[in-house]
Structure formats: structure tokens, C-alpha cells
Amino acid sequence: MTDGIANDRLEKLQAMRAAGQDPFPARVPRGQPIGELLPDFAQRHGQVVTIAGRLGVVRDFGKLRFAHLSDRTGSLQVGFQRDRLAAFWPNRKQIEGNDLVSITGELGTTQKGEPTLWATDVVLASKALRPAPEKWHGLQDQEQRYRMRYVDLFANPEVRQAFALRSKIVRAVRHYFDSLDYLEVETPILQPIFGGAAARPFVTHHNALDMQLYLRLAPELYLKRLIVGGMERVYEIGRVFRNEGISTRHNPEFTMLESYEAWADYRDIMARVEGLFGHLVEVVLGGQSVVTFREKQYDLKPPFQKARYLDLFAQQNPGVDWFDHASCLARARELGLKTDGIEPHKLANDVFEATVEDTLQGPIFVHDYPVAISPLAKRMSGDPRVTERFELFVCGMELGNAFSELNDPIDQEQRFQDQVAHKDDETPGEVDVDYVQALEFGMPPAGGLGIGIDRLCMLLSGSTSIRDVVLFPLLRRLDPNANAGADAAAPQAPPQP
RNA sequence: GGGGGCGUAGCUCAGCCGGUAGAGCAGCGGCCUUUUAAGCCGUAGGUCGCAGGUUCGAUCCCUGCCGCCCUCACCA
């Protein structure tokens with residue numbers, strides 16, 4: 001606020017206040033969306049209309065000025081002529097680029113045919129004390145774009161479009177499940193025991209109950225309680241939180257879709273996923289099923305490829321037995337993976353991820369995962385070492401995870417106890433006895449699904465980074481003292497009385 | 001956490017071999033009634049991310065730190 005440009009604008013604002021004008025009026029003529037005027041503009045010649053929005057760069061010709069006015073629906077040139085704006089003209093410079101204005105005038109064109117609103121009434125709606133970024137390049141600096149998304153959004157129209165697409169995707173997902181008679185529900189984000197995924201949680205505390213709480217890793221265990229309760233078909237689209245690293249495909253908070261359907265197994269859910277993608281291709285992509293992602297093309301039109309987890313593992317690791325620790329350990333060392341203190345099943349899966357995931361161009365369903373890495377999935381009847389579970393991969397990126405839900409409370413309790421016995425910071429320190437109790441009341445066979453909505457948006461929009469589909473990605477806080485040197489750093493603690 | 005890159009005016013970017021900074025846009029003053037990246041004349045604007053070091057002299061070389069981007073690790 002101390003730079004000269006802001007002060008120029010501040011002076012204009014103060015001059016307006018001195019003249020009795022409100023630079024931030026509560027209400028101005030709102031008019032109509034610009035986008036409504038454009039399609040049949042030629043027929044509207046001579047019409048008097050009002051539009052409101054943000055002013056672009058002013059092109060000044062002395063007794064004539066032009067500027068574009070933009071709202072969420074479009075952009076239209078406004079012409080300010082001295083002869084039509086006798087009262088406004090002397091103070092015309094008080095309204096400048098980036099100000100928010102409401103303008104009434106007559107529709108027409110310029111000599112070169114540019115659709116133009118010839119202003120007869122100009123009302124300042126809100127004074128901008130800071131200028132817009134450069135008109136031609138917009139805001140380019142990545143960091144500034146994320147830290148000041150509000151500027152990024154108005155300066156770079158394609159950013160607004162990207163988030164409009166995200167909205168459309170989420171709406172399409174909702175529509176798909178709604179049409180299948182699923183109920184959209186909301187379950188606790190603050191959870192006393194974390195579960196539903198293997199990850200480190202964020203920890204918080206409730207004062208009145210003096211209780212440690214975790215921000216949820218997943219809604220899974222609550223949604224399945226609803227299946228016990230007879231809701232039979234439920235889904236939730238909501239934020240989950242994982243205290244992990246940040247990368248182009250990870251944000252500490254992200255949006256997850258989870259759905260559960262009674263009387264379905266993982267084969268039915270596979271069909272649901274294919275149905276969902278078919279719906280997204282139609283509704284979001286307009287039938288154009290091929291998307292470009294990380295410089296490669298993917299056809300999202302179902303049906304998708306399928307491959308068994310253990311088959312893929314065997315292909316990439318000939319002679320290695322997933323279930324034999326010594327065998328996996330040797331392979332992991334060969335691959336240069338971390339092996340110290342890693343549980344055998346985790347290590348085996350690390351070998352899978354290191355050797356197989358990058359080969360999964362997809363879309364492909366990887367199915368029948370080992371039970372040891374699938375603590376909530378039901379075992380295959382023919383082979384108790386594996387579960388009825390699949391994941392969906394595109395471009396080596398895991399998009400979704402689904403399985404026939406484990407509804408045997410005795411098996412479930414045993415697996416929870418195994419987790420507790422081998423507790424690390426990604427597993428809870430206690431059995432979720434209430435969840436086991438819920439299963440004891442009887443849960444119908446059910447199929448469940450989780451899809452990372454952010455990654456889905458990345459794929460459908462061709463975004464390389466998750467930050468381009470998250471409006472406000474988590475960034476390190478800028479510490480005003482950080483750059484001031486050690487001497488200027490804030491004291492570690494206030495002096496004790 | 002490891003590796004690589006970047007940080008210069010409000011914004012977009014130059015800046016050579018080390019000689020303490022430039023352009024365009026935005027701003028300010030002026031000319032112009034049909035421009036649309038308007039044009040022309042003038043003017044102002046800088047802790048070169050921060051702190052040290054080397055040097056007669058550092059935006060430039062070195063070290064540390066801060067932040068962002070990419071990548072690997074971890075994860076979805």
C-alpha cells in the first residue's frame with residue numbers, strides 16, 4: 001500500500017470522497033450479463049442497456065476513450081465520448097483500468113465495426129487501489145499466481161475456465177450417482193480414530209471435550225456404517241487430509257469421492273467406474289473421449305483394460321515371489337529401494353510400485369490385490385491371499401481404488417489388531433471397535449469406490465500440476481521476518497513476568 | 001529430505017568477461033473523437049529475494065538462509 005501507484009489511486013479515491021461520491025457504494029445498476037448481448041448484437045443496435053464489471057486498459061483519445069468491460073460471461077468495449085458525458089467528463093480520470101464499474105449506454109459499433117456500448121452513464125462500483133497485472137501477459141509468476149489466486153483469476157481468463165471445468169466435472173459426478181439412486185451424505189471430518197487409508201493424519205484438539213481429534217484421511221469407515229444402517233447407496237464428495245509431502249500430484253488437502261453400494265461387489269463397481277467415465281466423456285468432454293495428458297494421449301472411452309496385480313508383478317519381476325520376503329528383499333535391494341524397517345507386505349508393494357506403476361499407461365484396472373495391503377477389502381473366495389479389489393491407473397497415476405467391502409467383523413477385527421501390533425505413524429494406535437461393532441450388527445455385501453477428484457480434473461483438463469486444479473494450493477507462509485536477517489528475527493518467547 | 005532451476009521497477013522481461021541497472025506495459029503531465037497490444041512527446045519509478053564473504057569495485061563469483069518451480073523419495 002505504500003507504493004506510488006496505489007497512492008495515485010488513493011488520491012483519486014480521496015478526491016471522490018471529498019466531492020461527496022462513494023467509491024464503494026452498496027448498490028449500483030447491475031444490468032445484464034455481457035454474454036447475453038453478444039450473440040445477436042447486430043439486432044441490438046440502438047438498444048439502451050446497463051452492464052457491470054471490471055474495466056480493462058483505457059485507450060485515451062482526448063475527447064474519446066475506449067476500454068473493455070468484462071464480467072463472468074464476456075467482454076464488451078465501452079466508448080466514452082465527451083459529448084455524451086457532460087457531467088462525468090471533467091472527472092473521467094477518477095475511473096481507470098481495473099476499477100469495477102456499472103455503465104449504461106447505447107449499443108452500437110465503431111467505424112471498424114467493433115461492438116461498443118456508447119456510455120451515457122458511468123457509476124463507480126468499487127475503486128481498485130491496485131492496478132491489474134500487465135495487459136498482454138497477465139500474471140505469469142507461478143508463485144504469485146498461487147498466492148494471489150484472486151488476481152490470477154481475473155487477469156488470466158483461462159484460469160477461470162479451468163475452474164469452471166472443475167465445477168462441471170463435480171456436477172457430472174454428482175449427477176451420475178444421483179441418477180443411480182445414491183444418496184449424497186456428509187460424514188465427520190474431525191475423527192477420534194483415523195482410518196480408511198494408510199497415511200499420516202493432521203492432529204487437532206477439541207477444547208470443550210478436551211479430546212484429541214484427527215482430520216480425516218478418508219470418509220470410508222463412516223460411509224460403511226451408513227451401509228450397515230440400511231442406506232444402501234451413499235456417496236460423499238469431500239475434503240480429506242493427509243500429512244504428506246507436496247508434489248505436482250499431491251496437495252495435503254484434496255477432494256475425494258467415495259461411494260458405497262450394498263449388494264454390489266467389485267465387478268459391479270468396475271462397471272460403475274466405466275459408466276462414470278462414459279458419462280464424463282459425454283457431459284464434460286462433449287463426446288471427445290481422447291485427452292492429452294503429460295504429452296500423451298489417452299482414450300477415456302470405456303471399457304478399460306484389465307490386469308491382475310500379481311500378473312503385472314510377475315511380468316516385471318520374473319522369479320520374484322510377492323509373498324516371499326527374502327525374494328522381495330533381494331529384488332528391492334537390486335532396485336535400490338529403502339528396505340530398513342519396512343514391513344514385508346509394504347516392501348513387496350514398493351517393488352510393485354517401483355517396477356509396474358510407470359508402465360501403466362491405461363486407462364487400466366489393476367485388480368486382485370494381496371490382502372496384506374488391503375485391510376478393508378474382502379478376500380477372494382478361491383484365493384484367500386488376495387482380495388476383490390482394483391485400482392484405476394492412467395499415465396502411471398492412481399485415480400481410483402475400489403473393492404468388495406470386508407463385512408466379516410471377525411476378520412476385520414483381526415486385521416485391525418494386526419495393524420495395531422505393527423503400528424507405524426500411518427496406522428492408528430487402537431482398533432476402531434465401534435466400526436467392528438457396526439459390522440457385528442450385519443453389513444450387506446457391498447462394493448465401495450474412491451476417486452481422487454483433483455486428479456480426475458487434472459486428467460480431464462490436461463493439467464500437469466494438481467495446483468492448477470486446486471484454487472488455493474497450500475504454500476509455505478511468507479514470514480515477514482524471514483528475510484530480515486537473524487538480528488531482526490522475532491524473539492523466541494516473550495519475557496516471563 | 002536428496003538433486004536441478006529460478007528470484008532484477010506494480011506487471012512481463014533484458015542485463016555480455018565483475019565496473020553499483022534497462023525496455024515494454026501500467027502510472028503521472030501533454031497532443032489527439034473510432035482505438036482495440038492505439039500512437040507520439042515528456043516524466044517518474046529499484047533493498048537487483050535476505051545475510052555474509054572474495055575483490056579497489058558484486059545484479060554478476062563463493063557460502064549460508066528464505067521462497068517458488070521441476071524431479072526423486074513418500075503417498076492418492
Side-chain angles (χ1 to χ4, degrees), chain A residues 1-9 11-12 56-68 75 77-84 93 96-98 108-116 118 129-148 151 155 196-200 217-218 240 242-252 254-257 336-338 342 346 349-350 353-354 357 391-393 397-401 425-426 450-456 458 464-467 473 475-489:
Chain A
M1 288 298 286
T2 54
D3 60 79
I5 292 161
N7 285 337
D8 292 335
R9 288 173 174 261
E11 280 168 23
K12 288 170 189 166
V57 183
V58 178
R59 301 181 287 273
D60 190 342
F61 285 80
K63 298 185 185 67
L64 171 72
R65 350 179 77 195
F66 291 106
H68 271 84
S75 176
Q77 176 166 271
V78 178
F80 304 84
Q81 294 162 296
R82 184 191 60 179
D83 299 343
R84 286 190 188 225
K93 290 195 174 179
E96 57 198 318
N98 209 32
T109 54
T110 62
Q111 288 173 1
K112 291 193 176 166
E114 172 83 10
T116 301
W118 295 106
L129 291 180
R130 294 177 185 270
E134 212 242 7
K135 63 182 173 187
W136 194 237
H137 300 91
L139 189 65
Q140 293 298 317
D141 185 271
Q142 281 297 10
E143 183 174 356
Q144 298 303 334
R145 289 185 47 217
Y146 297 146
R147 288 195 190 279
M148 300 195 289
V151 177
R200 284 150 62 193
L217 301 171
V240 297
R242 300 189 183 177
N243 209 336
E244 306 282 354
I246 294 174
S247 79
T248 47
R249 41 188 89 175
H250 300 89
N251 195 55
F254 62 102
T255 301
M256 178 100 109
L257 159 77
L337 299 179
K338 241 185 294 180
I342 313 258
K346 184 98 168 61
N349 191 47
D350 287 349
E353 290 181 359
E357 277 198 357
E391 293 199 348
L392 175 63
F393 285 88
M397 180 168 77
E398 185 188 335
L399 269 185
N401 181 21
D425 50 10
E426 293 188 347
I451 287 182
I453 292 290
D454 312 84
R455 288 184 173 181
L456 181 66
M458 288 170 68
T464 307
S465 170
I466 196 169
R467 294 181 204 91
L475 297 177
R476 202 177 291 272
R477 185 178 176 185
L478 289 181
D479 180 353
N481 293 319
N483 289 338
D487 293 344

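Residue numbers begin at 1 in each chain, while the letters A, B, ... track the order of the sequences.
- Legend: residues meeting side-chain hydrogen bond (donor to acceptor under 3.5 Å, both in side chains) with A:E96, ordered by chain and number and at least two apart, are A:K12, A:K127.
- Taking atom C1' in both B:G3 and B:A38, the straight-line distance is 49 Å, to the nearest Å.
- Nucleotide B:G57 has no partner under the Watson-Crick or G-U criteria, as no pair reaches both atom distances under 3.5 Å.
- Between the P atoms of B:U8 and B:A14, the separation comes to 11 Å (whole Å).
- Residue contacts for A:N243: at a heavy-atom cut-off of 4.0 Å it reaches no nucleic acid atom on any strand shown.
- Under the rule for a ring pair (Phe, Tyr, Trp, His ring centres under 6.0 Å), the partners of A:F66 that lie at least two apart in sequence or sit in another chain are A:W118.
- Between A:I246 atom CD1 and B:C70 atom C1' there is a gap of 15 Å when expressed in whole angstrom units.
- Comparing B:C6 with B:C74, their P atoms sit 28 Å apart, to the nearest whole Å.
- Using a 4.0 Å heavy-atom distance criterion, A:I451 is classed as making no nucleic acid contact.
- Residue A:A218 is classed as having no contact, given no heavy-atom separation below 4.0 Å to the nucleic acid.
- Taking a cutoff of 4.0 Å between a charged side-chain nitrogen and a carboxylate oxygen, A:D350 and A:K346 qualify as a salt bridge.
- Across the strands present, B:G22 finds its partner in B:C13; the criterion is a Watson-Crick or G-U wobble pair with both atom distances under 3.5 angstrom.
- Residues meeting the side-chain hydrogen bond (donor to acceptor under 3.5 Å, both in side chains) test with A:T464, sequence neighbours left out: none.
- Taking atom C1' in both B:U20 and B:C48, one finds a spacing of 10 Å when rounded to whole Å.
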Between A:E134 and A:H137, is the side chain to side chain donor-acceptor pair (under 3.5 Å) condition met? List the steps. CA-CA 6 Å; A:E134 212 242 7; A:H137 300 91; 2.7 Å; yes
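- A search for side-chain hydrogen bond (donor to acceptor under 3.5 Å, both in side chains) contacts involving A:E398 returns nothing, not counting sequence neighbours.
- Taking atom CZ of A:R130 as the reference point, atom P of B:A26 lies 19 Å away to the nearest angstrom.
- As rounded to the nearest Å, B:A51 and B:A58 have P atoms that lie 14 Å from one another.
- Nucleotides of RNA chain B nearest to A:R82 and A:G138 differ in position, and the one nearer the 5' end is that of A:G138.
- Distance A:D141 CG to B:G7 C1': 8 Å, rounded to the nearest Å.
- Taking only side-chain nitrogens and oxygens, A:R467 comes nearer than 4.0 Å to OP1 or OP2 of B:C69.
- Using Watson-Crick or G-U wobble geometry with both donor-acceptor distances under 3.5 Å, B:C32 finds no partner in any strand shown.
- For A:T248, a side-chain nitrogen or oxygen approaches OP1 or OP2 of B:U71 to under 4.0 Å.
- B:C6 and B:G67 make up a base pair, with Watson-Crick or G-U wobble contacts both under 3.5 Å.
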Base, backbone or nothing for each nucleotide of nucleotides 34-41 of chain B, written B, S, -, heavy atoms under 4.0 angstrom, 5' to 3'? BBBBB---
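- Residue A:R147 contributes atom CZ, which lies 7 Å from atom C1' of B:C68 at whole-angstrom precision.
- Rounded to an integer number of Å, the gap from A:E357 CD to B:C72 P is 12 Å.
- Using a 4.0 Å heavy-atom cutoff across all strands shown, A:R200 reaches no nucleic acid atom at all.
- To the nearest angstrom, C1' of B:A76 lies 13 Å from CG of A:L257.
- The residue A:R145 sits apart from the nucleic acid: no heavy atom pair falls under 4.0 Å.
- Across all strands shown, A:E353 has heavy atoms under 4.0 Å from sugar-phosphate atoms exclusively, and none from any base.
- Between B:C25 and B:G39, the two P atoms lie 6 Å apart (nearest whole Å).
- For the residue pair A:Q144 and A:R147, no side-chain donor N or O sits within less than 3.5 Å of a side-chain acceptor on the partner.
- The backbone N or O of A:L217 sits less than 3.5 Å from a side-chain atom of A:R242, completing a donor-acceptor pair.
- Counting non-hydrogen atoms under 4.0 angstrom, A:F254 reaches a base of the nucleic acid.
- Among the atoms of the strands shown, none is found under 4.0 Å from any heavy atom of A:L399.
- As rounded to the nearest Å, B:G24 and B:G45 have C1' atoms that lie 15 Å from one another.
- When the nearest nucleotides of RNA chain B are assigned to A:K12 and A:N251 by heavy-atom distance, the more 5′-ward of the two goes with A:K12.
- Partners of A:T109 by side-chain hydrogen bond (donor to acceptor under 3.5 Å, both in side chains), not counting sequence neighbours: none found.
- Here the separation of B:A9 from B:G27, taken at their C1' atoms, is 12 Å to the nearest Å.
- Here B:G45 sits opposite no nucleotide as a Watson-Crick or G-U wobble pair (both hydrogen-bonding atom distances under 3.5 Å).
- In this structure, the side chain of A:D454 does not engage the main chain of A:I466 through any donor-acceptor pair within 3.5 Å.
- Atom CD in A:Q140 sits roughly 16 Å away from atom C1' in B:G7 (whole-Å rounding).
- Here B:C68 presents its C1' atom at 18 Å from CZ of A:R477, a figure rounded to the nearest Å.
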